[in-house]
Amino acid sequence: MIELEEARAYVLEACAPLAPVRLPIARTLGCVAAEAQVSTDLVPPFANTAVDGFAVRADDTAGADPARPVRLRVIATIRAGMAPGVSPGPGEAVRIMTGAPVPVGADAVVMVERTAAVVTAAGAAELIDVVSPVAVGDAVRLAGDDLRPGDPVFPAGDVLSAGHLGVLATLGLTEVAVVPRARVGVLSTGDELVDGPGPLQPGQIRDSNRRTLLALVEQAGCVGVDLGRIPDDETAISEAIRRGASECDALVTSGGVSMGDFDFVKIVLDRIGDMRWMQVAIRPAKPLAFGTVPASPTDPMSRRVPVFGLPGNPVSSVVSFELFARPGLRQMMGRAATDLDRPLVQAVADDRLARRRDGKTHFARVVCRYGTDARYHVRSAGGQGSHHLSALVGANALAVLADGDAVEPGDTVAVYLTD
Ligand code: AMP
Ligand code: MG
């Protein structure tokens with residue numbers, strides 16, 4: 001048996017970041033930026049008003065108050081999207097809407113709430129009374145106040161968020177260089193597996209792992225490729241793995257990696273891949289097969305495709321995915337070492353989390369909530385057997401139970417927040 005950290009390090013060693021590509025920005029949410037972005041423009045591109053009101057010369061409004069307002073002549077209206085076209089002189093104002101350019105000649109904007117319309121005869125010049133003074137620059141957003149050409153916008157390595165995409169759009173960019181999402185092929189193996197609603201024949205069960213693993217692949221930020229359900233047949237498994245390797249950046253298999261007589265995944269991967277078969281000191285998910293296969297079976301120099309051979313038991317496959325595949329895949333997508341795993345927090349156990357001393361780290365499916373005492377609390381999500389799918393439904397976290405005795409109520413326990 002090897003320690004979790006050793007197995008993890010072995011996996012991460014083989015999960016090199018994918019080559020950067022330029023993609024339309026609409027497809028890059030959550031991707032890692034492959035290059036630093038520098039501003040090419042002034043943002044905002046022109047001085048504009050932060051409020052609806054009147055562009056004025058600040059000097060004109062000196063001393064204004066409700067009892068002695070300053071009366072100005074309104075010479076034009078500028079809406080957002082218009083070029084200014086006018087320039088107010090002394091005693092003049094320009095009605096202006098939020099986002100519209102502040103005209104040359106004006107140096108401040110009086111918000112409409114600080115003015116009163118003056119009733120005048122039909123056809124006479126429009127007048128307003130300003131009831132409080134403004135200083136130079138009031139309510140004016142200067143050109144380049146946010147970004148100037150050459151300003152750093154974000155560094156390479158940033159995970160592109162909604163905000164990043166907005167800034168790229170503001171700079172007029174339609175594409176950005178990113179580490180792409182990994183295309184991850186998922187296949188199930190086992191003669192006992194079927195799909196869909198029909199009645200089960202003796203010995204059959206429905207394939208649940210493929211659904212779960214494809215969902216976890218998507219949740220990790222990858223693109224899931226469904227490679228189907230493959231019988232325990234050497235040729236069929238071999239074909240599925242070769243096809244997957246040619247189409248995908250990584251493969252996730254479940255089942256067929258134990259010591260059983262029909263565990264052909266092991267046989268096939270040993271033949272075509274460079275695999276390591278590990279017994280990791282964890283429970284569930286002790287067996288792990290990890291290695292690489294060539295993208296092209298006939299070209300030994302071809303790209304190497306990491307393969308995660310996860311155990312078949314449903315809970316084991318999930319735990320193994322979380323501990324090995326998720327960090328490996330995220331590393332392939334350029335995520336930093338601190339951003340590979342789920343968030344790890346300390347929580348108070350509200351329940352007893354049973355375990356025995358056996359030299360392994362246990363991972364218990366738990367329900368975690370943030371309490372009014374400003375601490376996380378966990379309780380068991382149900383059956384802790386590696387076949388207990390139902391406990392995966394309620395669980396939103398995995399508690400890390402270090403080797404030793406049970407975690408008693410009130411004890412502190414480390415927890416990965418998985419949802
Ligand atoms: P194996 O690793 O192939 O020996 O499978 C271990 C256990 O997991 C067996 O009880 C299998 O029936 C079950 N199993 C394997 N693959 C799946 C799957 N895709 N969905 C649900 N159960 C599975
Ligand atoms: Mg099997």
Side-chain angles (χ1 to χ4, degrees), residues 1 7 11 184-220 222 224-241 243-244 248 250-271 273 275-291 307-326 360 363 365 381-395:
M1 256 188 342
V11 166
V184 182
V186 176
L187 62 93
S188 293
T189 63
D191 282 343
E192 73 277 33
L193 303 176
V194 294
D195 280 311
L200 294 172
Q201 301 304 318
Q204 291 186 331
I205 60 166
R206 295 199 183 83
D207 178 1
S208 60
N209 292 355
R210 209 161 91 250
R211 248 336 102 221
T212 311
L213 292 170
L214 280 166
L216 289 173
V217 159
E218 297 272 342
Q219 225 182 39
C222 314
V225 178
D226 187 350
L227 297 174
R229 179 168 47 76
I230 317 296
D232 287 319
D233 171 85
E234 195 172 333
T235 312
I237 291 173
S238 171
E239 268 168 20
I241 289 174
R243 181 165 55 87
C248 300
L251 298 178
V252 174
T253 70
S254 75
V257 295
S258 315
M259 306 306 282
D261 285 348
F262 305 100
D263 286 336
F264 288 116
V265 177
K266 186 169 174 19
I267 294 166
V268 168
L269 287 177
D270 261 339
R271 183 156 46 74
M275 300 298 294
R276 179 166 169 193
W277 305 87
M278 292 171 264
Q279 299 290 320
V280 189
I282 57 174
R283 180 192 163 106
K286 184 170 70 146
L288 170 70
F290 177 77
V307 182
F308 298 88
L310 309 185
N313 276 307
V315 176
S316 307
S317 69
V318 168
V319 169
S320 195
F321 185 93
E322 290 287 346
L323 297 178
F324 304 110
R326 184 180 158 96
K360 296 182 198 156
F363 291 86
R365 273 66 64 214
Q384 296 292 339
S386 62
H387 60 296
H388 283 135
L389 267 166
S390 58
L392 289 175
V393 173

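Numbering of ligands and ligand atoms starts at 1, following listing order.
- Sparse packing is recorded around CZ of R283, with 12 or fewer heavy atoms of other residues, nucleotides or ligands lying under 6.0 Å away.
- Checked by atom type and distance alone, the side chain of R206 never pairs as donor or acceptor with a backbone atom of Q204 at under 3.5 Å.
- In terms of protein heavy atoms, atom 16 (N) of ligand 1 is closest to N209 ND2, 3.6 Å.
- Between S208 and ligand 1, at least one N/O pair is under 3.5 Å apart.
- A donor-acceptor pair is defined here as one N or O able to donate and one able to accept, closer than 3.5 Å; such a pair exists between the side chain of N209 and the backbone of G312.
- Protein heavy atom at the shortest distance from atom 22 (N) of ligand 1 is I205 CD1, 3.4 Å.
- Taking distance alone, with nitrogen or oxygen atoms compared against 3.5 Å, G312 approaches ligand 1 more closely than that limit.
- Annotation: the span from D207 atom CG to R229 atom CZ amounts to 6.5 Å, rounded to 0.5 Å.
- Counting atoms of ligand 1 from 1 in the listed order, those under 4.0 Å from a heavy atom of S258 are 2 (O), 4 (O).
- Taking CD1 of I241 as the start and CG of L269 as the end, the distance is 4.0 Å to the nearest 0.5 Å.
- Below 4.0 Å from some heavy atom of G256 lie the following atoms of ligand 1, by number and element: 1 (P), 2 (O), 3 (O).
- L216 CG to S320 OG: the interatomic distance, rounded to the nearest 0.5 Å, is 11.0 Å.
- Here the options are I282, L323, L310, the test is side chain to side chain contact (heavy atoms under 4.5 Å, CB included), and the partner is L288; only L310 passes.
- The CD1 atom of I230 lies 10.5 Å from the OG1 atom of T253; values are rounded to the nearest 0.5 Å.
- The distance from ligand 1 to the heavy atoms of D207 drops below 4.0 Å at these ligand atoms: 18 (C), 19 (N), 20 (N).
- Here the protein heavy atom with the shortest distance to atom 9 (C) of ligand 1 is E192 OE2, 4.2 Å.
- Contact annotation: for H387 versus ligand 1, there are no heavy atoms closer than 4.0 Å.
- Looking only at heavy atoms of the protein, atom 7 (C) of ligand 1 is closest to N313 OD1, 3.4 Å.
- The ligand atoms of ligand 1 that sit less than 4.0 angstrom from a heavy atom of S188 are 19 (N).
- Not a single heavy atom of G190 sits less than 4.0 Å from an atom of ligand 1.
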